[in-house]
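Notes for the one structure printed next.
Residue numbering restarts at 1 for every chain, and letters A, B, ... go by the order of the sequence lines. Just the heavy atoms: all of them, side chains too, but no hydrogens, waters or symmetry mates, feed the values below. Owing to the predicted nature of the structure, the values given are computational and were not obtained by experimental measurement.
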2 protein chains.
Amino acid sequence: MKKPEVPKHTVEVCFSPQLYHLFEKRDAIVVVVDIFRATSAICTAFEHGAKSIIPVSTLEEALEYKRQGYLAGGERNGIVQEGFEFGNSPFSYMGEHIKGREIALTTTNGTKAIHIARNAPELVVGSFINLDALAKWLINKEKDVVILCAGWKDRFNMEDSLFSGALTNLLLASNKFKSDCDSANASSLVYRTARRDLLKFLRTCSHRKRLAHLNLEKDVEYCLTPNQSTYIPVLKEEKLVGENWKK
Amino acid sequence: MKKPEVPKHTVEVCFSPQLYHLFEKRDAIVVVVDIFRATSAICTAFEHGAKSIIPVSTLEEALEYKRQGYLAGGERNGIVQEGFEFGNSPFSYMGEHIKGREIALTTTNGTKAIHIARNAPELVVGSFINLDALAKWLINKEKDVVILCAGWKDRFNMEDSLFSGALTNLLLASNKFKSDCDSANASSLVYRTARRDLLKFLRTCSHRKRLAHLNLEKDVEYCLTPNQSTYIPVLKEEKLVGENWKK
């Protein structure tokens, strides 16, 4: 009888960009998550044919790219900023105008988290939009995984933790990963409680004012719908490019 | 008919001392939590008649107090340090030798968290040992509450989060508190899942190596047993003193 495979790689969840330094590892893949809405928008853009996305820290940098002919998205606190055609709504990253384009993007939480982890050996972007494809891509890589939640202004937030739990569960189910990380285990537990109806769960269990403030029912529902894309946005020399898991 | 009372005060949970600055509020009571084992030991000491506990940052400071005739506890990574009679095992803080004494204490996570929040308008110490009394004391105070988890080397840990969930639930049940905080809501959910058997839950859901490393079955069980004391350790001029809720 063949011995069962012993899980070799770890999955860890970091709840805040401010704690990321505690999770830095020489040989891990970092998955950056900002469910509402930056990483959901980024995954959407690649599904709709974007050539690359350049995550930048400031509105000024993004506008400079725009002057050079790039598309540019600029969002702060859920609102499209002056001088930009769009912010971080995934619905802005669909359609013909996206195809083949390079897009500069700056957002309140998501691009900041990408910036903090940009020196990781490998950095990818995750969301419910590419959940299954991302899990398969990570399992295939056979490396340790750190899921970095962008959070809400450096605080823990429920939606990024839910996604972390969903991804953790898929990785653990492969039997190639183990978790020694309490935050991964807590996320996994919260996701199992919520999975039947993520939207309903978030309505009752998450910071209602913050979600209501977003006032984006359609976006929220879209961002919680798994597996709408098989693209994995991978950071290559300061640009995210899409790797298609199905290719 | 009398209108139902509208909850006025907030309860928030901070998962790491490194995030505490995001939670600092001018008029909140901070509850410092380090279930394994510093805050459980502190609550135990007051139940056994300690006069005060002086939380200090370094082993050297604690030893200096010892030279001056104080009792002194010194722990790092679960181990009693050289020159100290005891570390942070609650069982060291029981009995006649504790009665009426002033005790200097330094631990890996717990006293560090107290130090970080020492300028809060009011700082108290919580553990399962004084759970119900602490909840009543806080409800009676009618102020916002921030629960500060000492965590494990600045990371989220399961046991401090479980306690945060237990305390959050008691505060919310009083109808004098509301929660707009995702980490409070997540803690509350994890506690509700685990409450039937906290020990079993931690054995399956927490970082096993870390708990096994502690090798302290008896301590762990004691620290998870609620309501063994009615004392609230309150910080007054750099010393913790015990306020008896029943008095």
Is there a side-chain contact between A:R155 and B:F15 in this structure, where contact means two heavy atoms from C-beta onward sitting under 4.5 Å apart? no
Any side-chain heavy atom of B:K153 sitting closer than 4.5 Å to one from A:L22? no
Please list all pairs meeting salt bridge (Lys or Arg N to Asp or Glu O under 4.0 Å) that have one or both residues in residues 186-202 of chain A, counting only residues at least two apart or in different chains. none
Once rounded to the nearest 0.5 Å, what's the spacing between atom [atom1] of [X] and atom [atom2] of [Y]?
X: A:S16; Y: B:F156; atom1: OG; atom2: CZ; answer: 13.5 Å
X: B:Q18; Y: A:D154; atom1: CD; atom2: CG; answer: 11.5 Å
X: B:N157; Y: A:C181; atom1: CG; atom2: SG; answer: 11.0 Å

So which residue, A:V190, A:L19, A:V13, ends up with the most heavy-atom pairs under 4.5 Å with chain B? A:L19
Which portion of A:L189 sits near chain B, non-hydrogen atoms under 4.5 angstrom: side chain
Give, as side chain, backbone, both or neither, the part of A:T193 having an atom under 4.5 angstrom from any heavy atom of chain B. side chain
Looking only at heavy atoms, what is the nearest atom pair of B:D182 and A:M158, with distance? OD2-N, 2.7 Å
For atom CD of A:E221, is the number of surrounding heavy atoms from other residues, nucleotides or ligands below 6.0 Å larger than 12? no
